[in-house]
Amino acid sequence: MSSSLLTNSSAMTALQTLRNVSSQLATTQNRISTGQRVSTASDNAAYWSIATSMRSDNAALSAVSDSLGLSAATVDTEYTALGSVIGDKDSGLTKLQALLVEAKTAGIDRTKIQADITQIQQDMKLKANSATFNGINWLSTTTGTTPTSFNLVSSYSRVGGTPTIGSITVTTANYSLYTSTQTGILDTAGSSAPSINTINISALTDSAADQTTLDGYIAQVTAGINSVASAAANLGAVKNRIATNTEFVKTLMDSVDRGVGQLVDADMNAESTRLQALQTQQQLGVQALSIANQNSQSILSLFK
């Protein structure tokens with residue numbers, strides 16, 4: 001083989017090999033440092049595009065999870081207040097019903113019973129007014145200010161380029177105990193009786209007419225208990241649905257993360273092995289280039 005001073009083929013080959021090894025080494029080091037084999041669009045445009053879209057979807061799902069948490073807290077507040085308004089033998093509508101039944105007893109002091117009734121009425125109104133979370137109250141509402149319905153964000157999905165946001169609709173009128181126009185469950189007057197909120201038996205006697213009036217009050221409170229219990233049951237169903245959706249969204253987010261990982265995550269075992277091999281190849285390439293460069297120096301010996 002002839003020796004050329006101007007063209008060192010061996011050095012050119014060694015340099016080309018070294019450049020290729022260095023490029024592969026840089027790629028492997030980037031994968032190890034980022035943990036991803038597709039970290040930019042230039043690595044794999046299709047996978048990068050899919051992963052970017054799925055990460056965006058996961059961010060939306062995270063927002064849905066946060067919204068569900070807020071909705072759960074709101075529903076739980078209203079549900080707790082409704083349960084307290086229904087009460088038990090010592091409070092709420094249940095106690096009010098018992099007091100009205102007691103008031104039918106002949107010769108009983110209904111003025112003293114009314115004192116208890118008044119306290120219960122005020123207590124129920126206070127609980128309804130206090131059932132506020134994040135500025136939202138479904139039990140004590142104001143016409144024109146409180147929305148007629150609330151949409152609780154519950155899901156997010158995307159088919160192609162079209163996103164869909166699911167929601168649970170809550171109709172305020174189904175849970176309103178008191179309204180600014182006296183159309184709530186507890187402040188609506190009956191056809192022949194005042195509202196539960198304004199029942200007053202202090203002036204009633206043992207007469208047949210007053211006993212009939214008491215019967216009407218008892219029936220009215222019983223109907224109120226049924227209505228409030230129905231509202232609480234509906235909220236309980238909404239509460240369960242929110243809990244189910246919350247768990248589903250969290251599971252879905254994990255699934256999306258795993259899917260993205262399948263597309264873009266680097267196999268660290270393989271990359272570690274590749275790194276060792278490339279580092280060895282790089283060292284050998286440097287030595288090969290050094291040897292090839294020495295060929296030019298050997299030409300000088302021909303002229304001594």
Side-chain angles (χ1 to χ4, degrees), residues 75-133 136-146 148 170-237 239:
V75 170
D76 192 53
T77 299
E78 309 304 319
Y79 177 82
T80 299
L82 284 175
S84 184
V85 167
I86 293 174
D88 52 28
K89 64 183 182 64
D90 297 318
S91 65
L93 290 170
T94 302
K95 176 65 173 178
L96 177 58
Q97 183 185 50
L99 289 172
L100 290 174
V101 172
E102 183 181 349
K104 285 185 64 66
T105 303
I108 199 166
D109 189 344
R110 295 182 180 88
T111 302
K112 290 183 174 60
I113 293 178
Q114 180 58 43
D116 282 340
I117 290 175
T118 300
Q119 292 302 316
I120 291 173
Q121 290 169 332
Q122 293 175 353
D123 183 59
M124 291 191 300
K125 184 68 178 295
L126 177 63
K127 288 173 179 175
N129 290 338
S130 300
T132 301
F133 186 88
I136 295 175
N137 189 323
W138 299 338
L139 308 189
S140 183
T141 63
T142 302
T143 303
T145 301
T146 306
T148 57
V170 174
T171 302
T172 310
N174 293 337
Y175 311 102
S176 296
L177 303 182
Y178 304 92
T179 71
S180 59
T181 55
Q182 285 76 53
T183 56
I185 295 173
L186 300 184
D187 64 358
T188 299
S191 57
S192 59
S195 68
I196 294 175
N197 188 48
T198 58
I199 287 177
N200 191 318
I201 65 170
S202 58
L204 297 183
T205 66
D206 293 338
S207 67
D210 285 350
Q211 290 294 311
T212 300
T213 298
L214 278 173
D215 288 337
Y217 289 168
I218 293 171
Q220 188 176 11
V221 172
T222 300
I225 292 175
N226 292 336
S227 296
V228 176
S230 177
N234 288 337
L235 272 189
K239 185 177 179 181

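Computed from a prediction, not measured in an experiment: that's the story for all the values here.
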Are the side chains of [X] and [Y] in touch, meaning some heavy atoms are under 4.5 Å apart?
{"X": "Asn234", "Y": "Tyr175", "answer": "yes"}
{"X": "Asp215", "Y": "Lys104", "answer": "yes"}
{"X": "Val75", "Y": "Val170", "answer": "no"}
{"X": "Thr143", "Y": "Thr183", "answer": "no"}
{"X": "Arg110", "Y": "Asp206", "answer": "yes"}
{"X": "Ile225", "Y": "Leu96", "answer": "no"}

From [atom1] ([X]) to [atom2] ([Y]), nearest 0.5 Å:
{"X": "Ile117", "Y": "Thr198", "atom1": "CD1", "atom2": "OG1", "answer": "11.5 Å"}
{"X": "Glu102", "Y": "Ile218", "atom1": "CD", "atom2": "CD1", "answer": "11.0 Å"}
{"X": "Ser230", "Y": "Leu82", "atom1": "OG", "atom2": "CG", "answer": "10.5 Å"}
{"X": "Ser227", "Y": "Gln220", "atom1": "OG", "atom2": "CD", "answer": "10.5 Å"}
{"X": "Thr141", "Y": "Ile136", "atom1": "OG1", "atom2": "CD1", "answer": "13.0 Å"}
{"X": "Leu93", "Y": "Leu99", "atom1": "CG", "atom2": "CG", "answer": "11.5 Å"}

Please answer whether the main-chain N or O of [Y] pairs with a side-chain N or O of [X] as donor and acceptor at a distance below 3.5 Å.
{"X": "Gln121", "Y": "Ile199", "value": "yes"}
{"X": "Thr142", "Y": "Ser180", "value": "no"}
{"X": "Ser91", "Y": "Gly87", "value": "no"}
{"X": "Thr171", "Y": "Ala173", "value": "no"}
{"X": "Thr94", "Y": "Lys89", "value": "no"}

Give me the atom names and distance for the closest heavy-atom approach of [X] to [Y].
{"X": "Tyr178", "Y": "Asp187", "value": "CA-OD2, 3.3 Å"}
{"X": "Ala103", "Y": "Ile108", "value": "O-CG2, 3.7 Å"}
{"X": "Ala128", "Y": "Leu177", "value": "CB-CD1, 4.3 Å"}
{"X": "Gln97", "Y": "Thr222", "value": "NE2-OG1, 2.6 Å"}
{"X": "Glu78", "Y": "Leu139", "value": "OE1-CG, 3.3 Å"}

Contacts of Asn200 meeting side-chain contact (heavy atoms from CB on, under 4.5 Å) (sequence neighbours excluded), chain-then-number -> Gln114, Ser202
Exactly one of Thr111, Ile113, Thr105 clears side chain to side chain contact (heavy atoms under 4.5 Å, CB included) with Asp109, and that residue is Thr111
Sort out for me which residue in Thr132, Thr172, Asn129, Thr77 forms a side chain to side chain donor-acceptor pair (under 3.5 Å) with Asn137.
-> Thr132
Are there more than 12 heavy atoms of other residues, nucleotides or ligands under 6.0 Å from atom OH of Tyr79?
-> no
Residues Lys127, Asp123: salt bridge by 4.0 Å N-O rule | yes
